[in-house]
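The structure under discussion appears below in the form of C-alpha cells.
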There are 2 protein chains.
Amino acid sequence: MAVQRIISVAQGHICRVSMTIDRDIADDQRRSQLPATPAPKKRVQDRGLATKQRILDEALQQFSRSGFDAVGVRDIAEAAGVQHGLIKYHFGTKDNLWREAVRQLFQRATQILQVPPEEENLSTEEATEKALRRYVRYCADHPEHARLMVQESFRDNERLEWASRKFIRPSHDDILPRWQDLIGKGVAPNIDPVLMLYAMTGAAQTLFSIAAEAKHSHGIDALSEEVIQQYSDVIVTLFMPGLMSAHI
Amino acid sequence: MAVQRIISVAQGHICRVSMTIDRDIADDQRRSQLPATPAPKKRVQDRGLATKQRILDEALQQFSRSGFDAVGVRDIAEAAGVQHGLIKYHFGTKDNLWREAVRQLFQRATQILQVPPEEENLSTEEATEKALRRYVRYCADHPEHARLMVQESFRDNERLEWASRKFIRPSHDDILPRWQDLIGKGVAPNIDPVLMLYAMTGAAQTLFSIAAEAKHSHGIDALSEEVIQQYSDVIVTLFMPGLMSAHI
DNA sequence: CCAATTTTTATCCACTTGGATAGCTATTTT
DNA sequence: AAAATAGCTATCCAAGTGGATAAAAATTGG
C-alpha cells in the first residue's frame, strides 16, 4: 500500500491544491461580483445530475461506514449502479468525491438544525433545550455525519483540515456565544464552553454512531424511537441541569 | 475490492470459527483442568516474542488510526521493521493479528483502570470520582483504544461481535451495578444506567480521539496536561452533579 | 560444535486498487 | 434530421493487496 498511498496522497495534494485554488478564485469572484473565467458553460443534463446525486449518496454512506481509504470507487459505483469510470467523469478524483459529499452533508445539516420560525421568540433556555433535542434527533437520524467526521479526525490530514476550516469552525463559532449566554444565566454548568461543546457532541453522537456495539453489548436498539426519546432527556438533564430550577 | 473482500471475509469467518473453537476448547480445558492436546511444545525464542510484540504494537497504532481494512499488513510490517511474511508466521492472518492486538489492549486497560489498593476503603462517591478521573486520564493517554473500538462499531461485523462479547460486555457488567448504587444515593442523575454509561464514555473519549480536529477547529491541544485536568473536572461535574451536595 | 528447530527473508500468486482513455449512446441545439 | 455535446461503458494500466511457499539465517539443546 505504501507507494500507492503516497501517490494517492500526492495526487490528493495536487487535486486539493488546484481545487482549493479554483474554489478560492470562485469565492473571490463571487465576492467581487466578477463573472467567472469565460465559463466554458457546460450544459449539465438532468440525467447526469441525478446519477451524480446517486453517487454522492452512496459515497456518503460508504465513506462514513468504512473510512476514506477502505472504500473503493468501484464499491461506490456498484452501489450506485454505474461504472466506476463515471466517478472520474463527475468528480475527477476520489478525494474530490469525498469533499463534495461532505459539503452536501453539512449543507443538509445546517438546514435541519436551523432554528424554525416558531421557536424564534422563545426564551434562551427553552430555545436551547429545543436545539439540544433537535441535535440529538439529528445524530440519531443521520449517524453517518458523526461517523464520517470522527473517522477523518482520528488521523490528521488535508481533508480534515479542509472540513474543519470550511464547516466545523464556522458552526462552532455560531454555537459557542449562545452557550456562554446560558452559563451567565446559570442554566448551563460554568465550564469552558469549548470543552463543554466537545463533551456534549461526544455524548450526543456516540451512542447512535456505535449503535451496532450497543446492540451487541446490551441488546438495545439505539435507533428506536423509544431510546432516542430517552436519550434526548439524558442529554438535556446532563447539559442543562439548571433547566428545572430555572423554570420553577 | 468486492471479490477480495468476500474472500477475506470468508477466510475471516473460517479463521474466526476455527480460532474461536480452539479458544473455547482451550477455555474448557482450563476449566476442567485437563492438559491441552499433547502440546507440540514449540520452544519460542525471545527474539520471536520480541518481534511479535513489536508487530502487535504497530498493528494497534495503525488499526486504530486507519481502521482494519485501510491498513495493509505490509504497512504494519514495515513500521515494525520486518518483512510482511512474518505476520503470517506469527499470527496466521490479518484478522487474527487484529484480535491479538485487541486482546492485549483490553488486558492493559483492565490493569490500568483497576481500583488501586489505597482507594479500596473510600466511600462509593469518592471511589467513583477517582475512577471517573482515572478513566478520563486513560482516554487521554491511550486514545487508540477508543479509536479502534469506535471504528469497528461503525460497521457491524464478526470482529465487533467478538470484541463485544469477549471484552466490552464483561467490563460493562462490572461497572453498571456501581452506577446503580450511586443513583440510589442521589449522587448520579436518575437515568437509565446503560444510556448514562454511553453518554459518559462518549463524552470522555471523544475529545481525545479527535484531538486533531480540536486542534484545527479551536487551536486547543487536547492531549496537554492542562486540558486533561480541566476535562476531568468537566466529566465529574457533568456526571456526578450531586457530588458537591453529597459532600456537604 | 553440530544437528534440530525457530525465525526471517525473498518471491510468487491471483486479485484489487485509483485513474486514464477511447469509443459508444443518449440528449439537446440548431 | 443532423451536428454537437453530455453521459456513460468497456477496457487498460501500473501499483498494491493478503496470503502461500521455499530456502536462508539465527538460535539453541545435546
Side-chain angles (χ1 to χ4, degrees), chain A residues 1-16 18 39-56 59 62-63 66-78 80-99, chain B residues 1-16 18 39-55 59 62-63 66-78 80-98:
Chain A
M1 167 164 288
V3 176
Q4 176 155 24
R5 178 172 294 164
I6 289 165
I7 289 171
S8 178
V9 169
Q11 290 176 337
H13 273 280
I14 292 161
C15 288
R16 190 197 65 79
S18 64
K41 56 176 175 179
K42 176 179 164 186
R43 329 175 288 222
V44 289
Q45 303 176 0
D46 285 350
R47 179 174 57 132
L49 228 63
T51 45
K52 196 171 174 180
Q53 190 55 51
R54 239 178 320 128
I55 293 171
L56 278 170
Q62 306 225 18
F63 281 142
S66 311
F68 182 83
D69 287 319
V71 174
V73 291
R74 283 169 176 82
D75 299 324
I76 296 169
E78 188 186 8
V82 297
Q83 294 288 326
H84 80 277
L86 264 195
I87 284 174
K88 175 176 164 57
Y89 176 74
H90 282 295
F91 302 96
T93 63
K94 182 184 174 187
D95 194 277
N96 232 345
L97 168 59
W98 186 91
R99 287 171 202 247
Chain B
M1 167 164 287
V3 175
Q4 176 154 24
R5 178 172 295 164
I6 288 166
I7 290 171
S8 175
V9 169
Q11 292 177 335
H13 273 279
I14 292 162
C15 288
R16 191 197 62 79
S18 65
K41 55 176 176 180
K42 175 179 164 187
R43 329 177 291 222
V44 290
Q45 301 177 0
D46 284 351
R47 179 173 59 130
L49 227 64
T51 44
K52 198 171 174 181
Q53 190 55 49
R54 236 177 323 130
I55 293 171
Q62 305 225 16
F63 281 141
S66 310
F68 182 82
D69 288 319
V71 174
V73 291
R74 282 169 176 81
D75 299 324
I76 296 169
E78 189 186 9
V82 297
Q83 294 288 326
H84 79 278
L86 265 193
I87 285 175
K88 175 178 165 54
Y89 176 74
H90 282 295
F91 302 97
T93 64
K94 182 184 174 185
D95 193 277
N96 232 344
L97 168 59
W98 186 90

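Note that this is a predicted model, so its numbers are computed, not measured. Each chain gets a letter, A, B and so on, in the order the sequences are listed, and its residues count up from 1.
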NA contact type, K88(B), heavy-atom cut-off 4.0 Å: base, sugar-phosphate, or nothing? base
5'-most by nearest nucleotide on DNA chain D - D46(B) or V73(B): V73(B)
Would you check if the side chain of T51(B) reaches a backbone N or O of G48(B) as a donor-acceptor pair within less than 3.5 Å? yes
Do any N or O atoms from the side chain of D75(B) and from the backbone of G72(B) form a donor-acceptor pair under 3.5 angstrom? yes
Tell me: [atom1] of [X] to [atom2] of [N], nearest whole Å?
X	N	atom1	atom2	value
I76(B)	dT8(C)	CD1	C1'	18 Å
I87(A)	dG18(C)	CD1	P	9 Å
R43(B)	dA4(C)	CZ	P	11 Å
Q62(A)	dG18(C)	CD	P	11 Å
D69(B)	dG18(D)	CG	C1'	12 Å
E78(B)	dT9(C)	CD	C1'	15 Å
Q45(B)	dG29(D)	CD	C1'	11 Å
F91(B)	dG19(D)	CZ	P	13 Å

Measure across A70(A) and D69(B) and return the closest heavy-atom pair with its distance rounded to 0.1 Å. CB-CB, 3.5 Å
Among all residues two or more places apart in sequence or in another chain, which pass the side chain to side chain contact (heavy atoms under 4.5 Å, CB included) test with H84(A)? V73(A), R74(A), A77(A)
Test side-chain hydrogen bond (donor to acceptor under 3.5 Å, both in side chains) applied to Q53(A) - qualifying residues, sequence neighbours left out: D57(A), Q104(A)
Any idea how F68(B) and W98(B) line up, ring-wise: parallel (<30°), tilted (30 to 60°), or perpendicular (>60°)? perpendicular
Between the protein and nucleotides 8-12 of chain D, list the N/O to N/O atom pairs that are separated by less than 3.5 angstrom.
| unit_1 | atom_1 | unit_2 | atom_2 | d |
| --- | --- | --- | --- | --- |
| dC8(D) | OP1 | T51(A) | OG1 | 3.4 |
| dC8(D) | OP2 | T51(A) | OG1 | 2.8 |
| dC8(D) | OP2 | H90(A) | NE2 | 3.0 |
| dT9(D) | OP2 | Q83(A) | N | 3.2 |
| dA10(D) | OP2 | Q83(A) | NE2 | 2.8 |

